J.: 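Supplied in structure tokens, the structure appears directly below.
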Amino acid sequence: MCLFCKIINKEIPANIILEDSNFIAFHDINPKAPVHILAIPKIHVDSFNEISSELMAKMTTFIQDVAKEVNIEKSGYRVITNVGDNGGQEVKHLHFHILGGARLKWGHFADADPQGHF
Ligand code: 5GP
Ligand code: ZN
């Protein structure tokens, strides 16, 4: 069973923010922003490549509810899902990073020079 499935089954503790029958949201163990939450489906889905549009529609509402729950919906936030090796996905259970609580930097990724790649 994968790491996040163990969190869903409460075999591994997590600091849970919001949960319903389809999804669970909990604090990232190694936060990269003052607010760093992971939102995941309760069924095991490997990555964004595999989620159905029906479940994604519900996931969208859940992510919006998480942002409201931690009071970042007005100040703003970022939603990221890393997909596969080039995307930097380490845990192979679909998760959306919800980052906020500060003005997040945006710009060129130093390790992905667009010149010559596209
Ligand atoms: P990825 O790199 O796959 O997009 O993101 C995986 C995220 O899971 C990372 O931000 C990492 O800090 C987080 N993470 C890894 N193991 C655990 C854990 O056991 N508990 C929690 N809450 N987060 C974890
Ligand atoms: Zn899983």
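This one's a predicted model, so the numbers in the text were calculated from it and none came from an experiment. These values consider heavy atoms only, across backbone and side chains, with no hydrogens, waters or symmetry-generated copies. Just follow the structure's listing: the first ligand is 1, and inside any ligand the first atom is 1.
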J.: Kindly indicate whether the side chain of Lys42, heavy atoms from C-beta on, has any atom under 4.5 Å from the side chain of Ser21.
T.: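 The answer is no, as the side chains (C-beta and beyond) never meet within the 4.5 Å cut-off.
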J.: In the protein, which heavy atom is nearest to atom 11 (C) of ligand 1, and how far is it?
T.: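 Of every protein heavy atom, Asp28 OD1, 3.4 Å lies nearest to atom 11 (C) of ligand 1.
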J.: Just give me the atom name: the N, O or S atom of His93 closest to the Zn ion (ligand 2).
T.: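 Nearest N/O/S atom of His93: ND1.
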J.: If the cut-off is 4.0 Å to any non-hydrogen atom of Phe4, which atoms of ligand 1 fall inside it?
T.: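 Close to Phe4: 8 (O).
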J.: Can you tell if the side chain of Cys2 reaches within under 4.5 Å of the side chain of Lys92, non-hydrogen atoms only?
T.: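 Answer no - side chains too far apart.
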J.: Cluster question for you: counting only ILVMFWY and a side-chain heavy-atom cut-off of under 4.5 Å, with indirect links fine, are Val83 and Val45 together?
T.: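 In one cluster with Val83: Val45, yes.
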J.: Please say yes or no: joined through hydrophobic side-chain contacts below 4.5 Å, possibly via intermediate residues, are Phe62 and Ile40 part of one cluster?
T.: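 No.
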J.: Counting each atom of ligand 1 from 1 as listed, which ones have a heavy atom of His95 under 4.0 Å away?
T.: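 Numbered from 1, ligand 1 contributes 1 (P), 3 (O), 4 (O), 5 (O), 6 (C).
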J.: May I ask you to check if ligand 1 and Val91 share an N or O to N or O distance below 3.5 Å?
T.: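 N/O-N/O distance under 3.5 Å: yes.
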J.: If you look at His44, which of its N/O/S atoms is nearest to the Zn ion (ligand 2)?
T.: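 Of all N, O or S atoms in His44, the Zn ion (ligand 2) lies closest to ND1.
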J.: For ligand 1, does His27 get within less than 4.0 Å through its side chain, its backbone, both, or neither, judged by non-hydrogen atoms?
T.: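 Backbone only.
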J.: Can you tell me, to 10 degrees, how wide the angle at the Zn ion (ligand 2) is between SG on Cys2 and SG on Cys5?
T.: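 Rounded to 10°, it measures 120°.
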J.: Which one holds for Phe96 and ligand 1: side chain close, backbone close, both close, or neither close, with close meaning a heavy atom under 4.0 Å?
T.: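 Contact part for Phe96 vs ligand 1: neither.
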J.: Between Asn82 and ligand 1, which part of the residue brings a heavy atom under 4.0 Å of the ligand: side chain, backbone, both or neither?
T.: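 Contact part for Asn82 vs ligand 1: side chain (C-beta onward).
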J.: Do Phe4 and Phe26 have ring centres separated by under 6.0 Å?
T.: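 Ring centres of Phe26 and Phe4 closer than 6.0 Å.
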J.: With Leu99 as reference, evaluate Ile80, Val35, Val79, Ile72 under the side-chain contact (heavy atoms from CB on, under 4.5 Å) test and give the passing residue.
T.: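 Answer after filtering Ile80, Val35, Val79, Ile72: Ile80.
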J.: Polar-atom distance check: Gly88 versus ligand 1, any N or O pair below 3.5 Å?
T.: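 The answer is yes, given that Gly88 and ligand 1 share an N or O pair closer than 3.5 Å.
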J.: Among the heavy atoms of Lys92, does any lie under 4.0 Å from an atom of ligand 1?
T.: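 Per 4.0 Å heavy-atom rule, Lys92 does not contact ligand 1.
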J.: Tell me: protein heavy atom nearest atom 24 (C) of ligand 1, and distance?
T.: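 Minimum-distance protein heavy atom for atom 24 (C) of ligand 1 reads Ile29 CG2, 3.4 Å.
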J.: Is it true that His97 and His36 share a donor-acceptor pair across their side chains at a distance under 3.5 Å?
T.: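 Side-chain D/A pair, His36 to His97: present.
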J.: Taking C-beta and beyond as the side chain, do Leu55 and Phe23 meet within less than 4.5 Å on heavy atoms?
T.: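 Of all side-chain heavy-atom pairs linking Phe23 with Leu55, at least one is under 4.5 Å.
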J.: Any salt bridge linking Lys10 with Glu19? Criterion: basic side-chain nitrogen under 4.0 Å from a carboxylate oxygen.
T.: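 Answer for the salt bridge query: yes.
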J.: Check Asn15 against ligand 1 and report side chain, backbone, both or neither, counting heavy atoms closer than 4.0 Å.
T.: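 Neither part.
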J.: State, to 0.1 Å, how close Ile8 and Pro41 come at their nearest heavy-atom pair, and which atoms those are.
T.: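 That would be CD1-O, 3.6 Å.
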J.: Hey, which atoms in ligand 1 end up nearer than 4.0 Å to a heavy atom of Gln89?
T.: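 That gives atoms 3 (O) of ligand 1.
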J.: When hydrophobic residues are tied together by side-chain contacts of less than 4.5 Å, even through go-betweens, does Tyr77 share a cluster with Leu18?
T.: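 Yes, Tyr77 connects to Leu18 through the hydrophobic network.
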J.: On a heavy-atom basis, I'd like to know which of Lys32, Glu90, His36 is closest to atom 3 (O) of ligand 1.
T.: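 Shortest heavy-atom distance from atom 3 (O) of ligand 1: Glu90.
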J.: Any atoms of ligand 1 less than 4.0 Å from a non-hydrogen atom of Asn30? List them with their elements.
T.: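 Checking each atom against Asn30, I get 12 (O).
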J.: Measuring from the heavy atoms of Leu3, does anything fall under 4.0 Å of ligand 1?
T.: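 A heavy atom of Leu3 does come that close to ligand 1.
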